[in-house]
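Presented below is the structure to which this report refers.
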Protein chains: 2
Amino acid sequence: MTEFALDPQDSTPLYTQLYRDLRQRILDGTYPEGDAIPSETAMRDLHGITRSTVRHAVSLLVSEGLVRQIRGKGTLVTYTPINHSVWNFGGFTDFSKAQHQRPVTKVLTQSVEEGPRGPQLLLVRARGFANDDAPTYLNLDTSVLELSRFPGLERFDFERHSLYQVLREHYEVAPVRNELKLSVALSSELTRQVFGEQPGVPGFICASGEVYDSSDQLVEHTSVIYSPSLEMHVGTSWNGAVNESVPA
Amino acid sequence: MTEFALDPQDSTPLYTQLYRDLRQRILDGTYPEGDAIPSETAMRDLHGITRSTVRHAVSLLVSEGLVRQIRGKGTLVTYTPINHSVWNFGGFTDFSKAQHQRPVTKVLTQSVEEGPRGPQLLLVRARGFANDDAPTYLNLDTSVLELSRFPGLERFDFERHSLYQVLREHYEVAPVRNELKLSVALSSELTRQVFGEQPGVPGFICASGEVYDSSDQLVEHTSVIYSPSLEMHVGTSWNGAVNESVPA
DNA sequence: TAGTGGTCTAGACCACCAT
DNA sequence: TGGTGGTCTAGACCACTAT
């Protein structure tokens, strides 16, 4: 049924390995929306691990909103296509896969400028889905990175490789945390160019802020403007404990 | 040091009891920002429970962004004041507490209208912080609820009691899940009335959608418009496993 | 009744940080 | 070196769902 096996020798935690496998199968349609993924006991026996470890892996899927656990029934794939993981713009490729779309990146600006702490890479990308005719762009992503920290970064082709992929593979830096601020951006020449004319739209939702790695070192300043055609859903589920309101 | 004790007889899970206690102490300043909460082993010994249970409680705080765990150092309070829990509008009171502000609710509309499935309660509230002079309103919250499901709901005073508090205490309904859509709302008579004139602001961020209870029954339709003076931060932290981008 | 997820125990070993 | 959080095992009992 599956050729997949966990590797206890791998430094990657077992729950992460299992999580990645399950996530992959959900995104590629092996476990379609509405269906149950294998039960916790089944995965425990299949992989020879504890149910605690299985539950840890599944809990990551739950917190991502990819599955829902229902006692007595099972763990059901409840993929809500455009959810708050959109904020995690690093995951645009995964997002595209789940939409069964091919991601397209167009680099609008890739230049080196002098910043307060030395030269910086200014990278402006339009990201969207491929179509038969012209691509549909869904967001407009502006990044600023210190070249003193990432020497040579300005030479990569960011239409072929994602920024985070390059950072991970060539600079061994993985973004771990972001602090974004939401605002409303006005229409501009750039938004008209990327999203087209949007009559009746007073502005665009914009998330801007900083991204940090596991050592709390600044990775990039970023600003993402979202297309109005991207229906952004913010799904929140909280257990009985979380976010109950208490009388004032 | 603490008079607090977990009650194993309570049907509330132990990890939820501990979570609530820790959360309370963080919000009221017992554990100030930057300080560490007690270590996992300390809480294990103090309450006579397993470290697994302690970790379960702490993991809820982590997913809320209230604390950050650093190996070798401890679990530090890293309260980021205005984070994505703003979306969980049910938690406005908690949010106010963390800001060391007193929450104020002004009911703008409370009326019964005929809806597609019978009479509905239409509730429009401005919510904000109390000041010495006039309150500062931070959001504009419109709710629609079916009166056939919540008979008598139209008689409550929602300036004194929160909607979710009433639902929980009088109808035994607890919201568990929401599905919100983000959009940009235009300035209107209502926003001018509540937020005042906002020159240069093209629109307001608006989250609208539905809220469900644990049985997936619809609780309310809701729409929340956020004041531009509310700096909305969306903090995301993902472990090495979550949201890594894969080459396209 | 059999199977599912929900909670909890009582350990173990490890990597990392402070001293 | 001692304490912290990170991972994992091997169970147990429960509540709920399907049949």
Side-chain angles (χ1 to χ4, degrees), chain A residues 6-20 22 31 35-63 66-78 176 213-216 237-242, chain B residues 6-20 22 31 34-63 66-78 176 214-216 237-242:
Chain A
L6 301 180
D7 178 10
Q9 306 311 319
D10 192 336
S11 68
T12 309
L14 294 176
Y15 71 84
T16 300
Q17 295 181 45
L18 178 55
Y19 157 79
R20 287 177 178 160
L22 291 172
Y31 303 136
D35 279 24
I37 68 175
S39 75
E40 296 175 352
T41 50
M43 290 192 280
R44 174 197 63 188
D45 297 339
L46 175 62
H47 295 109
I49 57 180
T50 322
R51 192 158 76 99
S52 308
T53 305
V54 175
R55 281 181 68 77
H56 193 163
V58 174
S59 75
L60 296 176
L61 298 171
V62 171
S63 68
L66 285 172
V67 300
R68 255 180 101 198
Q69 296 185 291
I70 300 177
R71 174 160 41 183
K73 294 183 81 170
T75 300
L76 277 41
V77 177
T78 61
V176 159
D213 68 9
S214 58
S215 311
D216 251 349
S237 66
W238 58 92
N239 69 30
V242 184
Chain B
L6 301 181
D7 179 9
Q9 307 309 319
D10 192 336
S11 68
T12 309
L14 294 176
Y15 70 85
T16 301
Q17 295 181 46
L18 178 55
Y19 157 80
R20 287 177 178 160
L22 291 172
Y31 303 137
D35 279 24
I37 68 174
S39 75
E40 296 175 353
T41 50
M43 290 193 279
R44 174 198 63 189
D45 297 339
L46 176 63
H47 296 110
I49 58 180
T50 323
R51 192 157 77 99
S52 309
T53 304
V54 175
R55 280 181 68 77
H56 194 163
V58 173
S59 75
L60 296 176
L61 298 172
V62 171
S63 68
L66 286 171
V67 300
R68 252 180 104 200
Q69 296 184 291
I70 300 177
R71 174 159 45 181
K73 293 183 78 170
T75 300
L76 309 178
V77 176
T78 61
V176 159
S214 58
S215 311
D216 252 350
S237 67
W238 57 94
N239 68 33
V242 183

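Computed from a predicted model, the values in this text were never measured in an experiment.
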| task | Locate the shortest heavy-atom distance separating B:L76 from B:G34; write the atom from each residue and the value. | result |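 Shortest heavy-atom separation between B:L76 and B:G34 comes out as CD2-O, 4.0 Å.
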| request: Considering non-hydrogen atoms only, spot the tightest contact between A:Q17 and A:T12 and give its length. | output: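 Heavy atoms of A:Q17 and A:T12 come nearest at NE2-O, 2.9 Å.
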Looking at side-chain heavy atoms only, is the closest gap between [X] and [Y] below 4.5 Å?
X	Y	value
A:Q69	A:R55	yes
A:L14	A:H56	no
B:Y15	B:I49	no
B:M43	B:L22	yes

Starting at atom [atom1] of [X], determine the distance to atom [atom2] of [N], rounded to an integer number of angstrom.
X	N	atom1	atom2	answer
A:R44	C:dG3	CZ	C1'	11 Å
A:I37	C:dT4	CD1	P	12 Å
B:E40	C:dC17	CD	P	16 Å

| query | In terms of the nearest nucleotide of DNA chain C, which residue is placed more toward the 5' end: B:I70 or A:G74? | reply |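 In this pair, the answer is A:G74.
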| C:dG5 phosphate, OP1 or OP2: any side-chain N/O from A:T41 under 4.0 angstrom? |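 It does not, given that no N or O in the side chain of A:T41 lies less than 4.0 Å from OP1 or OP2 of C:dG5.
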| query | Does anyone know the first and last nucleotide of DNA chain D in reach of chain A, 5' to 3', at under 4.0 angstrom to a heavy atom? | reply |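 Extent of the interface on DNA chain D: D:dT7 to D:dA18.
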| query | Within the structure shown, what part of the strands sits under 4.0 Å from A:T50 by heavy-atom distance: base, sugar-phosphate, or nothing? | reply |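 Contact class for A:T50: base.
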| said: Counting the atoms with a prime plus P, OP1 and OP2 as sugar-phosphate, which does B:S52 contact under 4.0 Å by heavy atoms, base, sugar-phosphate, or nothing? | reply: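 Base contact - B:S52 has a heavy atom under 4.0 Å of at least one base atom.
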| said: Which is more 5' along DNA chain D, the nucleotide nearest A:T12 or the one nearest A:G72? Just name the residue. | reply: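 It is A:T12, whose closest nucleotide lies nearer the 5' terminus.
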| task | Would you kindly compare A:G48 and B:Q69 by the position of their nearest DNA chain D nucleotide and give the one closer to the 5′ end? | result |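 Nearer the 5' end of the strand: B:Q69.
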